[in-house]
Amino acid sequence: SRKASSTSMLIIPLPNRNKVIDPFFGLERTSKILDRLTDPWGRPYDPTDMQLTLLNSRARNQIWLMGRRAGKSTTAAIKAILTLLKPRKLIWVVAPTYALAEKIFRVIYDISVRCLSYMIEGKPRYSKDEMSIHFKTGSRLLCYTAKNLTNLVGDSIDLLITDESGDMPNMAIELMAPALTDINPMTGRAKGQFIAVGTPRTHNWYKEYYDLGKQEYVEETTEEMLRR
């Protein structure tokens with residue numbers, strides 16, 4: 001199969017993927033976790049083929065260019081929850097405003113409270129000024145706004161999700177980039193994963209990343225993924 005580099009950004013449907021497989025949990029345990037989860041309307045979570053592809057992708061940098069009602073907030077929320085269930089992970093959700101960051105956080109909060117309340121450490125913070133949730137795994141998710149650039153510097157991030165990414169200023173991405181490049185001592189590779197959700201509006205970093213992603217793609221079967 002033809003495999004893209006770790007900077008691949010374009011996501012396309014892949015064959016033979018009818019299950020979500022998180023490499024940390026493995027196929028069986030990932031399935032058990034997802035069987036406990038519901039969508040924002042309380043129905044059993046049943047991802048579409050495209051959502052399966054997104055959840056299975058291991059590309060470090062991903063552009064999720066999707067239209068309305070495509071399930072991007074729910075898919076990003078499931079990705080975040082799977083990360084929260086791993087030990088000592090840090091997830092950031094960043095958007096141009098707190099109101100926009102709340103779109104994804106609300107889904108994460110609702111699913112976590114409804115389906116995984118026994119995993120929540122303390123009381124989640126959910127207000128117009130602060131949104132965060134901590135799991136008993138030692139992992140935490142924090143929300144930030146690109147309006148306050150001083151908050152976007154510092155911590156080593158395991159998963160960064162930006163929403164309405166086409167409206168995010170270039171400077172915000174430049175400030176967060178170093179936090180995604182810390183080296184995992186077990187693999188010798190940068191550990192942070194970046195998921196940018198939205199629609200290109202101007203020729204900025206988001207459009208450039210999308211154009212770059214179109215030059216590369218990943219093809220691999222479920223069986224190949226399990227062997228890695």
Side-chain angles (χ1 to χ4, degrees), residues 11 17-62 64 66 70-95 98 100-127 130-144 155-165 180 191-198 225:
I11 308 301
R17 286 199 175 168
N18 55 4
K19 295 287 186 180
V20 178
I21 308 167
D22 188 292
F24 179 84
F25 298 116
L27 175 59
E28 183 177 352
R29 192 174 173 198
T30 304
S31 296
K32 288 181 178 179
I33 292 170
L34 294 181
D35 284 345
R36 297 187 62 91
L37 305 185
T38 63
D39 66 16
W41 297 273
R43 302 172 304 199
Y45 180 59
D46 184 21
T48 65
D49 289 344
M50 177 56 75
Q51 293 165 5
L52 282 169
T53 300
L54 297 173
L55 290 169
N56 278 326
S57 175
R58 297 176 66 183
R60 281 196 58 241
N61 302 298
Q62 303 179 25
W64 290 11
M66 304 168 71
K72 53 185 180 291
S73 294
T74 301
T75 308
I78 296 295
K79 193 86 168 182
I81 288 170
L82 286 171
T83 305
L84 281 167
L85 289 168
K86 300 170 186 176
R88 297 179 298 281
K89 300 296 183 182
L90 176 61
I91 303 103
W92 281 12
V93 174
V94 184
Y98 252 96
L100 292 173
E102 195 260 350
K103 289 196 305 180
I104 289 179
F105 180 79
R106 179 177 66 247
V107 181
I108 296 168
Y109 174 88
D110 287 347
I111 294 175
S112 297
V113 170
R114 184 188 306 119
C115 308
L116 297 168
S117 59
Y118 61 94
M119 290 300 301
I120 297 175
E121 183 74 40
K123 185 177 181 180
R125 297 186 180 273
Y126 193 170
S127 70
E130 182 179 2
M131 291 178 284
S132 64
I133 188 167
H134 294 229
F135 269 32
K136 293 178 180 178
T137 55
S139 296
R140 52 206 173 103
L141 182 143
L142 311 173
C143 289
Y144 292 105
D155 294 324
S156 173
I157 309 169
D158 296 284
L159 175 61
L160 169 63
I161 299 171
T162 60
D163 200 7
E164 299 298 339
S165 302
L180 290 164
K191 65 176 184 176
Q193 187 176 48
F194 176 31
I195 296 174
V197 182
M225 189 175 185

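The structure presented is a predicted model; accordingly, all values stated were derived computationally and were not measured. If you read the sequence from its start, that first residue is 1, and numbering goes on from there.
For the residue pair Ile21 and Asn56, the shortest heavy atom distance occurs at N-OD1, 2.7 Å. Residue Leu142 comes nearest to Ser132 through the heavy atom pair CD2-CB, 3.6 Å, listed as atom of the first residue, atom of the second, then distance. Here the closest heavy-atom approach between residue Ile104 and residue Ala76 is recorded as CD1-CB, 4.1 Å. When all heavy atoms are compared, the tightest approach of Leu159 to Ala80 is CD2-CA, 3.9 Å. Looking at every heavy atom in both residues, Asp158 comes nearest to Lys89 through OD2-CA, 3.4 Å. When every heavy atom of Gln193 is checked against every heavy atom of Leu180, the shortest pair comes out as O-CD2, 3.8 Å.
For Arg88, the salt bridge (Lys or Arg N to Asp or Glu O under 4.0 Å) test picks out no residue, with sequence neighbours left out. With sequence neighbours excluded, the residues forming a ring pair (Phe, Tyr, Trp, His ring centres under 6.0 Å) with Tyr144 are Trp92, listed by chain and number.
Distance CD1/Ile108 to CD/Glu102: 11.0 Å, rounded to 0.5 Å. Leu141 CG to Leu84 CG: the interatomic distance, rounded to the nearest 0.5 Å, is 5.5 Å. With rounding to the nearest 0.5 Å, the separation of CG in Asp110 from OG1 in Thr38 is 8.5 Å. Here the CZ-CE distance, from Arg36 to Met119, works out to 10.0 Å after rounding to the nearest 0.5 Å. Separation of atoms CG (Asp35) and OG1 (Thr30) is listed at 10.5 Å; rounding is to 0.5 Å. Taken to the nearest 0.5 Å, the CD1 atom of Ile195 stands 4.0 Å off from the CH2 atom of Trp64.
Residues Ser112 and Ile81 have side chains in contact (heavy-atom distance under 4.5 Å, counting atoms from C-beta outward). Using a 4.5 Å heavy-atom cutoff, the side chains of Tyr45 and Ile111 are not in contact. Two residues are said to be in side-chain contact when any heavy atoms from C-beta on lie closer than 4.5 Å; Asp163 and Leu100 fail this criterion. Using a 4.5 Å heavy-atom cutoff, the side chains of Glu121 and Phe135 are not in contact. Looking at heavy atoms from C-beta onward, Ser139 lies out of side-chain contact with Thr83 at the 4.5 angstrom threshold. Between Val107 and Ile78 the shortest side-chain heavy-atom distance does not fall below 4.5 Å. For the pair Ile157/Phe194, no side-chain contact is recorded, criterion being any heavy-atom separation below 4.5 Å from C-beta on. Side-chain contact between Pro47 and Thr75 is absent, with no heavy atoms from C-beta onward closer than 4.5 Å.
Not a single donor-acceptor pair under 3.5 Å links the side chain of Ser57 to the backbone N or O of Thr53. In this structure, Tyr98 contributes its side chain and Cys143 its backbone to a donor-acceptor pair below 3.5 Å. Under the 3.5 Å distance criterion, the side-chain polar atoms of Lys72 are left unmatched by any main-chain donor or acceptor of Gly198.
Salt-bridge annotation for Asp22 and Lys86: present, with a side-chain N of the basic residue lying under 4.0 Å from a carboxylate O of the acidic one.
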Next on the checklist: Asp49 vs Leu52, test: side chain to side chain contact (heavy atoms under 4.5 Å, CB included). Steps then yes/no.
Outcome noted: CA-CA 5 Å; Asp49 289 344; Leu52 282 169; 4.3 Å; yes
Item to check | side chain to side chain contact (heavy atoms under 4.5 Å, CB included) between Leu85 and Phe24, intermediate numbers included | outcome: CA-CA 10 Å; Leu85 289 168; Phe24 179 84; over 6 Å; no
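Around atom CZ of Arg114, more than 12 heavy atoms belonging to other residues, nucleotides or ligands sit under 6.0 Å away.
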